[in-house]
Amino acid sequence: LEQTYIMIKPDGVQRGLIGEVIKRFEAKGYYLRALKLQNVEQAHAEEHYIDLKSKPFYGGLVKYICSAPVVAMVWEGKSVVSTGRKIIGATNPLASEPGTIRGDFCIDVGRNIIHGSDSVESAKREIGLWFPEGLA
Ligand code: ATP
Ligand code: MG
């Protein structure tokens with residue numbers, strides 16, 4: 001079954017949106033396969049966002065992810081990678097449709113609450129990075 005890596009970023013945790021995010025994925029019919037609250041080391045955040053290394057916002061993005069605990073999750077189910085991205089909404093919350101998580105809860109691209117893997121290949125890499133111990 002397809003799996004994706006979903007992460008509630010520090011702003012989402014601090015704003016009390018953990019339950020809201022889990023509720024939406026569960027309501028859709030997806031299965032929560034793993035979950036942990038984690039403080040993120042700089043090197044780990046850099047590795048997660050390695051593809052964005054050349055972007056001007058890379059340094060700020062890494063700092064943001066390391067600023068407070070995140071909730072790291074693996075979700076499972078039919079087409080969960082692409083459908084999960086739809087549930088999350090567009091990267092820039094001003095372009096995210098109402099009804100999506102980003103569309104409903106934020107306005108700043110640098111504080112957009114949640115991450116979701118962008119392909120099945122990325123999901124495999126990210127699950128390996130965040131759950132090196134494997135899934136129970
Ligand atoms: P994510 O990977 O977090 O799920 P995404 O795939 O929608 O988001 P990416 O292009 O992978 O978008 O960018 C990763 C993250 O970098 C974004 O979620 C956002 O937090 C941040 N980011 C992207 N573009 C900008 C920008 N122009 N300014 C500041 N931060 C940005
Ligand atoms: Mg991305």
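Counting convention: from 1, in listed order, for ligands and their atoms alike.
The protein heavy atom nearest to atom 19 (C) of ligand 1 is Val109 O, 3.2 Å. The protein heavy-atom contact nearest to atom 5 (P) of ligand 1 is Thr91 OG1, 3.4 Å.
Compare Leu52, Asp51, Asp11 by their heavy atoms: the one nearest to atom 13 (O) of ligand 1 is in Leu52. Considering each of Lys9, His115, His48, Arg85, the one bringing a non-hydrogen atom nearest atom 2 (O) of ligand 1 is His115. The closest heavy-atom contact to atom 25 (C) of ligand 1, among the options Phe57, Tyr58, Tyr64, comes from Phe57.
Put simply, the side chain of Val109 does not reach to within 4.5 Å of the side chain of Phe57, judged on heavy atoms. Side-chain contact between Arg102 and Ile88 is present, with heavy atoms from C-beta onward closer than 4.5 Å. At a threshold of 4.5 Å between non-hydrogen side-chain atoms, the residues Ile87 and Phe25 count as touching.
Under the 4.0 angstrom criterion for non-hydrogen atoms, Asp118 is not in contact with ligand 1.
Counting heavy atoms under 4.0 Å from ligand 1, residue Arg102 touches it through the side chain alone.
No donor-acceptor contact under 3.5 angstrom links the side chains of Ser79 and Ser82, judged on distance only.
More than 12 heavy atoms of other shown residues, nucleotides or ligands fall within 6.0 angstrom of atom CD in Glu133.
Using a 4.0 Å cut-off to heavy atoms of Asn112, the atoms of ligand 1 that qualify are 17 (C), 18 (O), 19 (C), 20 (O). Taking every non-hydrogen atom of Gly116 and a distance limit under 4.0 Å, the qualifying atoms of ligand 1 come out as 4 (O).
Ligand 1 has no N or O atom lying under 3.5 Å from any N or O atom of Leu61, backbone or side chain.
For residues 117-136, the set of pairs meeting the ring-ring contact (aromatic ring centres under 6.0 Å, His included) definition, not counting sequence neighbours, comprises Tyr5-Trp130, His44-Trp130, His48-Trp130.
Residues meeting the salt bridge (charged side-chain N to carboxylate O under 4.0 Å, His left out) test with Lys23, sequence neighbours left out: Glu20.
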